[in-house]
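Predicted model, so just to flag it, every value in this text is computed and none were measured.
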Amino acid sequence: MIFKRLFWGFDMKRLLGLLLLVQSLLLSAEAMAQGLSAPSYWKNERGSELYIWSANSGTIQGIFTNHAQGFACQGIPYPASGSLSPTGLYFVVTFSQCNSFTRWVGKIKGSQIPTSWTLLYVDKKGKLSRLKGADIFTRIW
């Protein structure tokens, strides 16, 4: 009984309850800091759309629709998949009708995901080519 009251004046049941509450708040804060709940809808400055329908156990699944001017395969929804970790995320889209593949890598910062991307494609001569750029995805809902 004396040991129970010595620990900051709390009894052990109250201390355990307080620790569980703090742990759940920290886990909730971590999930909110990651900011990638599902479902969620994101749009980049080029008008392209990313719909995340699953973000479980570090895996991202969704649909990406390209609307970027000057790029092919516009307006066609393609599967997007990737990974989410405390240090960042990545997702990939294979644009099968255009023989191209794009990978976005970024970090969630509130309601935005600044990313860098690499597009691999087959040029008119049949050579594998690469293009790099950056996008910022903003959460719509």
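Contact detail for Arg139 and Ser40: the closest heavy-atom pair is NH2-CB, 3.4 Å. The two residues Leu119 and Ser100 have their closest heavy-atom pair at CD1-CB, 3.7 Å. When all heavy atoms of Leu50 and Ala80 are compared, the pair lying nearest together is CD1-CB, 4.1 Å. Residues Asn66 and Phe71 approach most closely at ND2-CB, 3.8 Å, considering heavy atoms. Val93 and Phe64 get closest at one heavy-atom pair: CG2-CB, 3.6 Å. What you find for Ala72 and Cys98 is that their closest heavy atoms are CB-SG, 3.6 Å.
Side-chain contact between Tyr121 and Leu128 is absent, with no heavy-atom pair separated by less than 4.5 Å. A heavy-atom distance below 4.5 Å is not found between the side chains of Tyr51 and Pro77. Within the 4.5 Å cutoff, side-chain heavy atoms of Ile113 are placed close to those of Leu89. Looking at Ser81 and Ile60, their side chains never come closer than 4.5 Å, going by heavy atoms from C-beta outward. Between Ser116 and Trp104, the closest side-chain pair of non-hydrogen atoms is not below 4.5 Å. You'll find the side chain of Val92 stays beyond 4.5 Å of the side chain of Thr102, heavy atoms only.
With ring centers used as reference points, Tyr78 lies under 6.0 Å from Phe95. Aromatic rings of Phe137 and Phe91 (six-membered ring for Trp) have centroids within the 6.0 Å cut-off, being under it.
Legend: salt bridge (Lys or Arg N to Asp or Glu O under 4.0 Å) pairs involving residues 113-130, not counting sequence neighbours: none detected.
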Could you walk me through whether Gln112 and Ile136 pass the side chain to side chain contact (heavy atoms under 4.5 Å, CB included) check?
CA-CA 7 Å; Gln112 293 190 323; Ile136 298 174; 3.8 Å; yes

Please determine whether side chain to side chain contact (heavy atoms under 4.5 Å, CB included) holds for the pair Gln97 and Ile76, giving the CA-CA distance in whole Å, both sets of side-chain angles, and the decisive distance to 0.1 Å.
CA-CA 9 Å; Gln97 291 180 344; Ile76 304 167; 3.0 Å; yes

Let me see the working for Ile52 and Leu36 under side chain to side chain contact (heavy atoms under 4.5 Å, CB included), right down to the final yes or no.
CA-CA 8 Å; Ile52 302 293; Leu36 195 64; 4.0 Å; yes

Criterion side chain to side chain contact (heavy atoms under 4.5 Å, CB included) on Arg46 and Asp135, from CA distance to verdict
CA-CA 8 Å; Arg46 300 169 193 258; Asp135 284 326; 2.7 Å; yes

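A continuous path of Ile, Leu, Val, Met, Phe, Trp and Tyr side chains, each step under 4.5 Å between heavy atoms, connects Val105 with Leu120, placing both in one hydrophobic cluster.
Checking side-chain atoms of Gln74 against main-chain N and O of Ala68 turns up a donor-acceptor pair under 3.5 Å. Counting only distance, with no hydrogens or angles, the side chain of Ser85 and the backbone of Thr87 share a donor-acceptor pair below 3.5 Å. Put simply, the side chain of Glu49 never gets that close to the backbone of Trp42: no donor and acceptor are under 3.5 Å apart. Side-chain N or O atoms of Thr65 include none that pairs as donor or acceptor with a backbone N or O of Gly75 at under 3.5 Å. Ser48 places a side-chain N or O within 3.5 Å of a backbone atom of His67 that can act as its donor or acceptor partner.
Seen from the ring of Tyr90, Arg103 counts as a face-on cation partner, given the 6.0 Å and 45° thresholds.
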